[in-house]
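Inspection log for the structure reproduced underneath, given as structure tokens.
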Amino acid sequence: MTTVYEHAATPEDLARLWVERANAGDADGLAALYEKDAVMVFPMGVEHVGRDAIRTAFAHMLQHYTHFESEETLPTLRTGDIALTSTSPADRSRGRYQVARRQPDGTWLRILHSSGYFDE
């Protein structure tokens with residue numbers, strides 16, 4: 001059975017969807033927010049390349065953290081089909097930013113993500 005996930009209609013939707021899926025403990029749903037070959041740095045200094053590696057990193061994170069707060073979104077920068085999004089961290093991380101790309105169907109997925117929710 002394949003889960004049907006809500007797609008991000010705007011780059012800003014990605015942050016909301018991320019928090020919803022993280023709070024639901026859904027590593028597969030989190031990974032679905034990323035392109036197949038996306039790159040994520042999480043925790044700081046640890047790089048994960050590809051959706052499968054990102055899913056594994058989130059599964060590990062969800063074993064340690066079960067609640068995430070929505071964060072204040074900062075202004076999105078766009079050029080064509082690329083957007084830089086960021087939020088003001090609600091935790092002690094050193095910053096959070098993402099690059100998203102508009103897909104052929106008009107939805108958005110992350111291609112680059114740097115975050116610091118936890119340092120292990």
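Nothing here was measured: the structure is a model prediction, and the numbers come from that model. Atom set for the values below is all heavy atoms of this structure, side chains included, hydrogens, waters and symmetry mates excluded.
Remark: side-chain polar atoms of Q103 are paired, donor with acceptor, to backbone N or O of R101 under 3.5 angstrom. Within the 3.5 Å criterion, the main-chain N or O of A8 finds no donor-acceptor partner in the side chain of R16. At least one donor-acceptor pair closer than 3.5 Å links the side chain of N23 to the backbone N or O of F68.
The CD atom of E47 sits 10.0 Å away from the OG atom of S114 when rounded to the nearest 0.5 Å. The structure places CG of D28 at 5.0 Å from OH of Y5, a figure rounded to the nearest 0.5 Å. Atom OG1 in T107 sits 9.0 Å away from atom CG in L14 (nearest 0.5 Å).
Cluster membership check: L33 shares its hydrophobic cluster with Y65, using side-chain heavy-atom separations under 4.5 Å among Ile, Leu, Val, Met, Phe, Trp and Tyr. L109 and V41 sit in two unconnected hydrophobic clusters of ILVMFWY residues. Membership requires side-chain heavy atoms under 4.5 Å apart, directly or through other members.
Taking every heavy atom of both residues into account, A22 and L62 meet most closely at O-CD2, 3.4 Å. Across A32 and R21, no two heavy atoms sit closer than the pair CB-NH1, 4.1 Å. The shortest heavy-atom contact between R110 and A38 is O-CB, 3.6 Å. For A31 against R55, the heavy-atom pair with the smallest separation is CB-CB, 3.7 Å.
Summarising the hydrophobic clusters (Ile, Leu, Val, Met, Phe, Trp, Tyr; side-chain heavy atoms under 4.5 Å, direct or chained), the residues clustered with V39 are V49, L77, I82, L84, Y97, V99, I111, L112.
No side-chain heavy atom of W18 sits less than 4.5 Å from a side-chain heavy atom of Q98. Taking the side chain as every heavy atom from C-beta outward, L30 and M40 never approach each other to under 4.5 Å. Side-chain atoms of E6 and L17, non-hydrogen and from C-beta on, do get closer than 4.5 Å to each other. Annotation: side chain of W108 is not in contact with side chain of D13 (no heavy-atom distance under 4.5 Å).
When the side-chain contact (heavy atoms from CB on, under 4.5 Å) test is applied to Q63, the partners found at least two apart in sequence or on another chain are H60.
With respect to E12 and R78, a salt bridge is recorded, a charged nitrogen being found less than 4.0 Å from a carboxylate O.
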